[in-house]
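Just the heavy atoms: all of them, side chains too, but no hydrogens, waters or symmetry mates, feed the values below.
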Amino acid sequence: MARYTCSFIVSVPSDHLQPLLVELLQDCQLDIQYHTADYIIAREVPGNVSFSKLITVEVLIDKSKSTETETRMSIVIKNQELPLHLDNYCRQMFEFIKQSIESSRHWHLIESLAG
């Protein structure tokens with residue numbers, strides 16, 4: 001199973017972050033499966049790649065460390081593909097979504113930590 005993680009600190013209140021993330025993930029052609037105020041699960045829509053390569057994205061918004069102007073969030077992107085090559089499909093999608101978060105016009109990125 002391929003699995004990639006990253007944490008971010010963005011300059012947006014936690015109450016405003018969740019709907020912005022839902023919109024961003026949908027713009028990345030992901031289907032929102034479940035979401036609460038601090039947790040989102042999105043999946044890639046079948047049709048373009050084999051089922052083992054379909055990615056799942058989990059986003060955790062850490063409200064315990066949030067301030068009025070900054071929020072920490074973590075993402076996990078995974079699929080059933082064995083990561084036999086460094087540049088596998090899950091890694092490519094991870095980089096695409098990570099770049100989308102880093103360059104979003106809805107917030108200023110304060111810190112990005114890839115795991």
Side-chain angles (χ1 to χ4, degrees):
M1 172 187 270
R3 178 184 175 104
Y4 301 95
T5 63
C6 192
S7 295
F8 303 93
I9 299 175
V10 294
S11 64
V12 66
S14 62
D15 295 341
H16 297 112
L17 183 57
Q18 190 264 7
L20 296 172
L21 282 170
V22 166
E23 181 182 332
L24 182 138
L25 293 170
Q26 289 172 332
D27 289 346
C28 291
Q29 305 304 311
L30 298 169
D31 185 35
I32 305 302
Q33 301 289 304
Y34 176 80
H35 65 88
T36 62
D38 59 356
Y39 186 70
I40 303 168
I41 295 179
R43 291 209 173 109
E44 191 171 13
V45 178
N48 294 331
V49 295
S50 65
F51 280 102
S52 64
K53 290 185 178 184
L54 292 174
I55 64 160
T56 300
V57 178
E58 295 181 47
V59 181
L60 177 63
I61 300 169
D62 188 356
K63 292 188 172 197
S64 67
K65 297 179 183 173
S66 295
T67 66
E68 289 184 19
T69 58
E70 294 180 1
T71 304
R72 179 182 298 268
M73 67 175 163
S74 299
I75 62 168
V76 176
I77 298 177
K78 59 188 176 181
N79 69 5
Q80 296 300 316
E81 175 185 25
L82 291 175
L84 300 175
H85 304 286
L86 183 59
D87 190 31
N88 59 63
Y89 180 75
C90 190
R91 178 68 178 207
Q92 292 168 3
M93 291 301 294
F94 168 76
E95 293 297 335
F96 172 70
I97 294 167
K98 181 175 173 260
Q99 180 62 38
S100 296
I101 292 170
E102 291 174 344
S103 63
S104 175
R105 62 180 170 79
H106 295 294
W107 53 71
H108 172 71
L109 180 71
I110 296 170
E111 186 175 354
S112 173
L113 301 167

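Side-chain N or O atoms of S11 include one that pairs as donor or acceptor with a backbone N or O of H108 at under 3.5 Å. Looking at W107, its side chain never comes within 3.5 Å of a backbone N or O of E70 through a donor-acceptor pair. In this structure a side-chain-to-backbone donor-acceptor pair under 3.5 Å is missing from S66 to T71.
Taken to the nearest 0.5 Å, the CZ atom of F51 stands 12.5 Å off from the CD atom of Q80. Here the CD-CD1 distance, from E44 to I97, works out to 8.0 Å after rounding to the nearest 0.5 Å. Distance CD1/I61 to CD1/I40: 5.0 Å, rounded to 0.5 Å. Atom CZ of F8 is separated from atom CD1 of I110 by 13.0 Å, given to the nearest 0.5 angstrom. Taking CG of N79 as the start and CZ of R91 as the end, the distance is 13.0 Å to the nearest 0.5 Å.
The hydrophobic cluster containing L109 also contains L21, counting ILVMFWY residues as joined when their side-chain heavy atoms lie under 4.5 angstrom apart, directly or transitively. Residues V76 and L30 fall into different hydrophobic clusters, defined by Ile, Leu, Val, Met, Phe, Trp and Tyr side chains chained together at heavy-atom separations under 4.5 Å. Cluster annotation: I9 is not connected to L17 through the hydrophobic network of ILVMFWY side chains, with a link wherever side-chain heavy atoms come within less than 4.5 Å. In the hydrophobic clustering of ILVMFWY residues, with side-chain heavy atoms under 4.5 Å counting as a link, I41 and M73 come out apart.
Looking at heavy atoms from C-beta onward, F94 lies out of side-chain contact with I55 at the 4.5 angstrom threshold. Looking at heavy atoms from C-beta onward, L20 lies out of side-chain contact with S104 at the 4.5 angstrom threshold. By the 4.5 Å heavy-atom criterion applied to side chains, Q18 and D38 are not counted as neighbours. Using a 4.5 Å heavy-atom cutoff, the side chains of S112 and C6 are in contact. Within the 4.5 Å cutoff, the side chain of V49 has heavy atoms near those of the L54 side chain. Side chains of F96 and Q29 form no contact here, defined as non-hydrogen atoms less than 4.5 Å apart.
For E111, the CD atom counts as densely surrounded, since its 6.0 Å shell holds more than 12 non-hydrogen atoms of other residues, nucleotides or ligands. Atom CG of D27 has more than 12 neighbouring heavy atoms from other residues, nucleotides or ligands inside a 6.0 Å radius.
The pair K78-E58 counts as a salt bridge, with a side-chain nitrogen and a carboxylate oxygen less than 4.0 angstrom apart.
Between I75 and the options I101, L25, T5, L60, a side-chain contact (heavy atoms from CB on, under 4.5 Å) holds for only I101.
Side-chain N/O atoms of S7 and S74 include a donor and acceptor closer than 3.5 Å.
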